[in-house]
Amino acid sequence: MSPTPTRVLLIEDAEFDYLLTRRMLSSVPGQTFELEWASSWQAGIEAIRRASYDVCLLDFRINGGDGLELLKEARQSGCRAPVIVLTGVADYRLDVEAMQLGAADYLVKDQLTPALLERSIRYAITEARTTDELRRQQQEARSSELRFRSVVQSAGDAIVLADEKAKIVFWNQGAEAVFGYSEAEIIGLSLDVLMPERYRERHRAGMERFRVTGKAHLIGRTVELEGLRKDGTEFPLELSLAAWRTAEGTFFTGIIRDISERKHAEEMRCAKDAAEEANQAKSNFLARMSHELRTPLHAIIGFANILTQNKAGNLTKQHLDFIERILLNAKDQVRLIDSILDVSKIEAGRMDVEAAPADVGAIVRDVVKQLDAEKRNPGVEIVVRTPQPMTPMVTDAAKLKQVLVNLIQNALKFTDRGSVTIDVITGRDGAPVRIDVTDTGTGIPAGALQEIFEPFQQLEMGTNRRFGGTGLGLSISRSLCDLMGYRLDVQSQPGVGSTFSVVLRDLSRLPRTA
Amino acid sequence: MHKIAVVDDNADNRLIIRTILEDQYEIIEFSSGLEAIEGFRNNRPDVVILDISLPEMDGTEILRRIREDSQLHDLPVVALTAHAMVGDREKYLAAGFNDYVAKPILDMNVLFTTIKRWAPAPG
């Protein structure tokens with residue numbers, strides 16, 4: 001029993017029949033009807049267009065037109081309510097015609113009872129609801145399929161359907177993009193064309209096994225394989241495979257993703273990790289080597305130093321001379337170790353720039369003071385020319401110092417007579433822009449000016465034996481300059497001398513980089 | 001006379017420091033960290049010269065224990081080490097060593113100056 005009244009439209013030109021209908025409906029027990037009466041064809045059409053009803057009772061013969069015409073008109077006007085046709089006479093032909101036009105029932109007026117009318121109305125409404133529901137479901141299924149299709153079509157992944165004979169029956173745009181075949185080309189072909197030759201036999205065997213046993217290794221899993229494009233190139237792919245049975249047979253759905261880029265990125269990351277690891281191992285090795293090489297030298301230099309003091313007073317002049325030579329050689333070895341480690345660190349990319357404001361003039365004077373004390377050549381004078389005052393500049397003091405030590409030591413090494421002059425040239429703001437180290441030594445022939453910056457290169461002019469050293473100083477100096485964004489230039493005239501110039505730049509704008 | 005403790009597992013290294021400093025300082029030697037910390041509690045030195053690479057307990061760990069010890073936390077500790085690559089000095093000073101001397105010691109004056117900084121007016 002419906003708690004809300006059933007809305008009924010009666011299209012009937014005879015008032016008597018209207019009153020009769022109203023009485024019948026009001027005598028139905030436990031149910032209320034809201035009856036609206038349209039007394040002409042035109043009024044009926046207007047009522048149908050104006051409002052919605054649960055059910056429509058239509059007199060077959062009505063003023064102004066044929067009831068069946070009205071029925072057609074009503075349907076075209078969008079009337080969805082079930083229509084029950086009422087007629088004065090039973091006529092099988094009319095009955096059939098009304099049903100064909102979609103009437104829910106066909107009732108003869110003089111056989112009508114309240115119970116019969118109520119029952120007919122109830123059936124008509126239920127029937128209409130069922131039809132509506134079906135229509136709604138069909139529509140939903142249709143739009144759901146449309147939605148599904150558009151998702152499948154527009155998916156970036158390839159989506160491929162094949163039947164149980166491995167014939168391709170569906171191919172989305174993603175598949176076209178991944179494999180290069182258009183839908184028209186591929187539909188009906190075997191899945192074989194999508195895989196390299198070497199997989200085909202195994203694939204066929206797998207399909208056969210699945211047909212017989214219903215078991216497959218790949219179903220329900222995601223695996224990485226290689227695919228074959230139309231142009232014959234192979235590419236790494238990720239495949240998720242599903243199988244489903246329908247009345248038409250078994251189908252396979254493959255979702256395929258081209259993972260070339262991911263693979264490439266993985267390889268790059270692996271290579272980078274390996275390089276990083278190797279670099280770290282190299283650094284650790286260098287640190288250990290440095291420690292192990294220094295430890296025995298510590299004892300050698302330590303004891304030699306003690307002996308030079310000759311506390312007991314029982315060493316001869318010759319003994320002391322020998323001890324001095326042991327010391328000098330051991331100290332040379334320490335420098336050699338430092339240089340080799342520096343080269344290794346630079347090559348391993350383990351050298352960091354530590355920039356801070358510094359007084360370049362003071363750095364130069366420090367270096368000169370140290371080297372002047374060690375100088376083994378009394379015939380050479382070290383001259384320092386630094387303008388005063390000098391604006392501090394941001395630099396890596398330790399590295400700049402190392403560069404200057406190398407350059408000045410080199411200059412001293414190759415100069416017999418005259419001088420080694422260090423000039424600090426400042427810019428308009430009083431900050432240093434260049435440091436020149438000029439000697440009056442042997443000079444370097446033009447053809448060798450680049451070579452001297454290569455590691456382990458020292459000019460072959462019979463000087464190798466005369467001038468000790470590793471041949472690493474200039475190479476290290478240039479690497480350190482490169483690291484700081486400085487430039488190390490050289491100008492030279494054989495027999496006259498050489499000038500090495502460090503062209504500086506302020507490091508405050510440099511991010512601290514490795 | 002100020003007392004200088006030398007902690008190094010290498011007997012040669014201890015002998016060098018002893019020979020260089022013994023005219024001006026009283027030297028006490030230790031070859032391991034545990035032995036050293038125990039010894040410091042009984043006989044507090046004025047300066048500790050501490051090697052880094054030691055078996056069992058390394059110099060950084062020994063320093064940490066000294067700094068956590070209520071009696072010893074303010075001991076001046078000088079790192080004397082062959083860990084002497086660029087940046088090592090800064091690393092050990094940051095770890096809490098009062099001073100740092102690299103092995104090999106090229107100039108003995110460096111050692112004297114450093115010790116004097118922490119044990120002034122030797123006598």
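Naming convention: chains lettered A, B, ... in sequence-line order (proteins, then strands); numbering from 1 in each chain. This structure is a prediction, so every number in the text was calculated from the model and none was measured.
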Which pair of heavy atoms, one from A:A299 and one from B:N13, lies closest together, and at what distance?
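The answer is CB-OD1, 4.3 Å.
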Which atom pair, heavy atoms only, marks the closest approach of A:T295 to B:A82?
OG1-CB, 3.6 Å
When rounded to the nearest 0.5 angstrom, what is the spacing between [atom1] in [X] and [atom2] in [Y]?
X      : Y      : atom1 : atom2 : value
B:M108 : A:T308 : CE    : OG1   : 8.0 Å
B:K103 : A:R294 : NZ    : CZ    : 12.0 Å
B:T19  : A:N305 : OG1   : CG    : 12.0 Å
A:R288 : B:S53  : CZ    : OG    : 10.5 Å
A:H298 : B:D12  : NE2   : CG    : 9.0 Å

Tell me, side chain or backbone of [X] under 4.5 Å from chain B's heavy atoms, or both, or neither?
X      : result
A:I301 : both
A:A287 : both
A:I300 : neither

What residue, out of B:N10, B:I105, B:L111, has the most heavy-atom pairs lying under 4.5 Å from chain A?
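When all of B:N10, B:I105, B:L111 are compared, B:I105 has the most.
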Check: B:L106 main-chain N/O paired with A:K331 side-chain donor or acceptor under 3.5 Å
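Confirmed, A:K331 side chain pairs with B:L106 backbone.
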Contact between A:L286 and B:M85 at the side-chain level, heavy atoms closer than 4.5 Å - yes or no?
yes
Taking C-beta and beyond as the side chain, do A:K311 and B:D23 meet within less than 4.5 Å on heavy atoms?
yes
In terms of heavy-atom contacts, does [atom1] of [X] have more than 12 from other residues, nucleotides or ligands at under 6.0 Å?
X      : atom1 : answer
B:E68  : CD    : yes
B:F112 : CZ    : yes
B:R117 : CZ    : yes
B:R44  : CZ    : yes

